[in-house]
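Everything below concerns the one structure shown next.
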Amino acid sequence: MAASLHYCDTHGVDLMQALIDESIPTLAKAIATVGIEDSNWTSMIGRSREANLADISLPCFAFAKQLGQSPDSIAQSIVNAVDVESNSAMGEVMASGGYVNIRAATSWLANRLLSPEPLAESEHIMIEHTSANPNGPFHVGRARNAILGDTFVRMYRAAGKKVTAEYYVDDMGKQVGILCWAMENLSETQVNQILESKELLDESSQHSQKADHQRVKWYQAANVLKVEDTSVDEGVTTLVQLSEEANEDVLNRFDAAYQPVLDGMLETLGRMGITFDSFTKESAFIIDGSVEVLMNALEKSELHGTADNGAHYLELESKGIKGKSTKFYYRRGDGSSLYATRDLAYHQWKWTQAEQLINILGEDHKLQSRQVSIALDELNIPTPDVVFYAFTKLADGKMSTRRGNVVYMDDLLDEAQIRAQQVVNEIRSDLDETTIHQISEAVGVSATRFNIARISPEKGITFRWEDALSLDKDSAPFIMYSHARACSIYRRAGDQSLPTSINVDELSPTAIELIRRMAKMQNELNNAIKLSRPNLFCDWLSGMAADYNRFYRENHVITDDGINLQNLLLNELSRDHLRRGCEAVGIIPIEEM
RNA sequence: GGGCGCGUCGCAUAGCUGGAUAUUGCACCGGCCUCCUAAGCCGGGAAUCGUGGGUUCAAAUCCUGCCGCGCCCGCCA
């Protein structure tokens with residue numbers, strides 16, 4: 001085996017930011033010469049929009065009025081006055097279209113890439129995502145939350161943050177109440193009869209014996225039954241009321257009803273590489289009394305009001321909430337709390353666990369989330385950051401576990417694996433069955449995740465099998481293939497001791513592009529995190545794979561004259577960047593495919 | 001009715017903290033495997049950035065009218 005580079009967990013430096021920082025003193029001298037008196041110009045330097053022209057750019061449009069010259073000629077004057085030679089970070093500095101365009105010196109980039117610096121100690125972040133009601137199997141509508149949430153967890157970790165992935169378990173309330181009532185009152189025969197009568201019985205899934213797939217039938221049957229039989233609602237309501245009083249017996253029965261479902265859901269998520277560090281039950285905040293304390297505290301708010309029947313609310317009209325209902329009810333007439341109230345206590349608790357909170361929520365929770373934030377503010381509790389995503393709908397309508405109008409994730413992942421296997425069978429007939437299965441499972445899972453992670457969260461998705469399972473170029477397999485290719489070369493190169501520096505003069509254009517791409521990794525990651533858009537980092541990763549492939553075509557590691565060590569070094573840097581990029585978005589970086 | 005979001009080549013998608021020839025993939029057309037994985041590489045055609053107005057030296061990007069789509073507006077969760 002070749003000497004391996006061990007850069008994991010040591011890449012903390014944003015080289016584009018470093019380039020900006022190192023360019024500023026040199027630019028400042030030039031700008032003073034030209035006679036610009038705008039002290040704000042340093043904040044105008046940013047990443048260049050034209051990646052083929054420059055890494056960073058200074059737009060000169062704002063100086064035009066002051067100097068009475070065209071932006072273009074100002075840019076040219078600045079460029080003429082810049083002493084590039086004195087700055088090791090700066091490569092080319094050129095004027096174009098009113099911009100001062102700066103490219104990093106390739107030698108500087110290469111050096112920085114080869115001597116990474118350790119990440120600084122970071123704050124602790126709690127990312128709460130998924131938190132789906134445990135009433136049935138994971139479906140593709142719920143998957144966007146989990147995939148997005150886990151991608152954030154991974155990206156933050158790749159950026160060196162300490163992250164707790166948190167799942168809020170809704171262990172009280174109507175949904176589990178219905179499930180529990182059904183499990184206790186309906187026989188399997190009854191359930192099957194009810195579902196059959198409504199043509200809801202579907203045992204076509206390979207996973208129909210899995211606990212979550214089994215128990216959702218009881219949930220669906222109870223929902224059908226309660227339309228005709230009012231005693232269902234009565235039974236459920238009694239249970240729900242008791243659960244809200246933290247009745248131990250009822251909470252235990254709820255637990256018994258939903259836990260196998262939750263386990264089934266977590267198994268599905270585990271297959272996608274999605275795991276949690278912490279599970280918190282909603283009932284915990286009733287039991288410890290914190291909900292009651294908060295409700296009492298809210299009465300001191302200036303927004304507080306009381307309804308005729310004794311219910312308590314906050315009037316939010318003055319806080320910019322518009323529409324029919326500006327009242328945020330947090331205590332019912334009978335004195336009990338509501339879901340949102342418990343959410344307040346939950347947030348209060350979360351702040352004891354981390355310095356930053358991020359919630360991943362569907363766009364249907366926007367109003368609710370705003371109300372909760374205002375209430376938190378009234379309680380002097382900080383508000384969390386929230387990432388919203390638009391819904392995934394089926395071509396023929398909205399997904400619903402209750403109505404059985406869903407595509408289950410278990411089935412989607414099966415199908416993804418099968419489709420991937422068809423491809424692997426075709427091009428890797430040399431591999432044994434077990435290996436082929438492992439590869440196709442990794443490809444299927446990665447492709448499914450990437451096809452969601454690469455889309456802007458606020459954009460609605462219409463589920464189509466072809467799209468969800470696409471193995472095309474702009475997808476996970478393309479990236480995985482590039483990584484596997486780099487691994488293959490690493491294996492073939494054998495045990496080599498790698499050079500400690502890169503001779504820039506010998507680099508081909510594709511090699512330079514590759515270095516430039518790698519140098520932007522941390523910047524792209526930081527940017528995607530800052531803007532809450534994982535799709536931006538997905539773009540970088542696709543581009544990284546493409547640049548590696550171009551490099552691979554032109555620059556051979558294994559040649560007739562032996563091993564080209566410089567190209568091997570670039571191959572190893574690429575392999576490392578691809579692997580870390582994959583891990584940051586939930587693609588499995590397999591070593592062979 | 002009110003609030004929030006979305007509308008970019010045939011399809012999908014990037015860019016939206018104003019700025020340089022609007023990105024990428026699929027599909028379509030044409031090249032490249034005696035050479036480290038062709039799930040690849042190179043080249044080509046294809047876009048009134050939903051639509052009308054405004055702000056600006058500069059608008060896909062900001063403001064606004066309209067059209068279309070989605071989500072929300074429970075003492076539910």
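A, B, ... follow the sequence lines: proteins, then strands. Residue 1 opens every chain.
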Which residue lies more 5' along RNA chain B, comparing Ile439(A) with Lys174(A) via nearest heavy atoms: Ile439(A)
Residues in salt bridge (charged side-chain N to carboxylate O under 4.0 Å, His left out) contact with Glu363(A), at least two apart in sequence or another chain: none
Centroid distance under 5.5 Å and plane angle under 30°, Tyr99(A) vs A20(B): yes
Tyr168(A)/Phe279(A) aromatic ring centres below 6.0 Å: no
Aromatic plane relationship, Tyr548(A) with Tyr552(A) - under 30° parallel, 30 to 60° tilted, over 60° perpendicular: tilted
Nearest-nucleotide 5' precedence on RNA chain B, Gln175(A) against Leu53(A): Leu53(A)
A14(B) OP1/OP2 closer than 4.0 Å to side-chain N/O of Ser542(A): no
Tyr313(A) six-ring centre to Arg331(A) NZ/CZ under 6.0 Å and within 45° of normal: no
Cation-pi, Tyr490(A) ring and Arg575(A) (6.0 angstrom, 45 degrees): yes
Sequence neighbours left out, cut at 3.5 Å: what donor-acceptor pairs do the side chains of residues 420-428 of chain A make with other protein atoms?
{"residue": "Gln421(A)", "atom": "OE1", "partner": "Gln417(A)", "partner atom": "NE2", "Å": "2.6"}
{"residue": "Asn425(A)", "atom": "ND2", "partner": "Gln421(A)", "partner atom": "O", "Å": "3.3"}
{"residue": "Arg428(A)", "atom": "NE", "partner": "Asp430(A)", "partner atom": "OD1", "Å": "3.0"}
{"residue": "Arg428(A)", "atom": "NH1", "partner": "Met593(A)", "partner atom": "O", "Å": "2.7"}
{"residue": "Arg428(A)", "atom": "NH2", "partner": "Asp430(A)", "partner atom": "OD2", "Å": "3.0"}
{"residue": "Arg428(A)", "atom": "NH2", "partner": "Glu592(A)", "partner atom": "OE2", "Å": "3.3"}

Check: Asn523(A) and Trp540(A) side chains under 4.5 Å, non-hydrogen atoms: no
Interatomic distance where CG belongs to Leu179(A) and P belongs to C76(B) [whole Å]: 21 Å
Lys322(A) side-chain N/O to G1(B) phosphate OP1/OP2 under 4.0 Å: no
side-chain N/O Arg332(A) vs A77(B) OP1/OP2, d < 4.0 Å: yes
Pairing pattern in dot-bracket form [Watson-Crick, G-U; both distances under 3.5 Å; | = partner strand] for RNA chain B: (((((((..(((......[....))).(((((.......))))).....(((((..]....))))))))))))....
Between the protein and nucleotides 34-37 of chain B, list every N/O to N/O distance that falls short of 3.5 Å.
{"residue": "C36(B)", "atom": "O3'", "partner": "Arg492(A)", "partner atom": "NE", "Å": "3.3"}
{"residue": "C36(B)", "atom": "O2", "partner": "Val557(A)", "partner atom": "N", "Å": "3.3"}
{"residue": "C36(B)", "atom": "O2", "partner": "Ile558(A)", "partner atom": "N", "Å": "3.1"}
{"residue": "C36(B)", "atom": "N3", "partner": "Val557(A)", "partner atom": "N", "Å": "3.3"}
{"residue": "C36(B)", "atom": "N4", "partner": "Tyr552(A)", "partner atom": "O", "Å": "2.2"}
{"residue": "C36(B)", "atom": "N4", "partner": "Asn555(A)", "partner atom": "O", "Å": "3.1"}
{"residue": "U37(B)", "atom": "OP1", "partner": "Ser488(A)", "partner atom": "OG", "Å": "2.6"}
{"residue": "U37(B)", "atom": "OP2", "partner": "Arg492(A)", "partner atom": "NE", "Å": "3.3"}
{"residue": "U37(B)", "atom": "O2'", "partner": "Tyr481(A)", "partner atom": "OH", "Å": "2.6"}
{"residue": "U37(B)", "atom": "O2'", "partner": "Arg485(A)", "partner atom": "NE", "Å": "2.9"}
{"residue": "U37(B)", "atom": "O2'", "partner": "Arg485(A)", "partner atom": "NH2", "Å": "3.1"}
{"residue": "U37(B)", "atom": "O2", "partner": "Tyr481(A)", "partner atom": "OH", "Å": "3.1"}
{"residue": "U37(B)", "atom": "N3", "partner": "Met593(A)", "partner atom": "O", "Å": "2.9"}
{"residue": "U37(B)", "atom": "O4", "partner": "Ala484(A)", "partner atom": "O", "Å": "3.4"}
{"residue": "U37(B)", "atom": "O4", "partner": "Met593(A)", "partner atom": "N", "Å": "3.4"}

Residue-phosphate contact under 4.0 Å: Asn535(A) side-chain N/O, G15(B) OP1/OP2: yes
Phe463(A) six-ring centre to Lys393(A) NZ/CZ under 6.0 Å and within 45° of normal: no
G3(B) phosphate, OP1 or OP2, under 4.0 Å from Lys324(A) side-chain N/O: no
Presence of salt bridge, Arg103(A) and Asp55(A), under 4.0 angstrom: no
Close side-chain approach of Ile178(A) to Asn223(A), heavy-atom, < 4.5 Å: yes
Phosphate-side-chain proximity, Ser482(A) and A39(B), N/O vs OP1/OP2 below 4.0 Å: no
Residue among Arg553(A), Arg517(A), Lys520(A), Arg516(A) satisfying salt bridge (charged side-chain N to carboxylate O under 4.0 Å, His left out) with Asp547(A): Arg517(A)
Give me the distances for all protein-to-nucleotides 61-71 of chain B N/O pairs that come in under 3.5 Å?
{"residue": "C71(B)", "atom": "O2'", "partner": "Asp364(A)", "partner atom": "N", "Å": "3.4"}

Sole residue of Arg533(A), Arg47(A), Lys530(A) in salt bridge (charged side-chain N to carboxylate O under 4.0 Å, His left out) with Glu524(A): Arg47(A)
Restricting to nitrogen or oxygen on both sides, can you table the protein-nucleotides 24-32 of chain B pairs closer than 3.5 Å?
{"residue": "G25(B)", "atom": "OP1", "partner": "Lys473(A)", "partner atom": "NZ", "Å": "3.4"}

Between U24(B) and A47(B) - P atom distance, rounded Å: 16 Å
Contact check, side chains of Ser318(A) and Leu303(A), non-hydrogen atoms, under 4.5 Å: yes
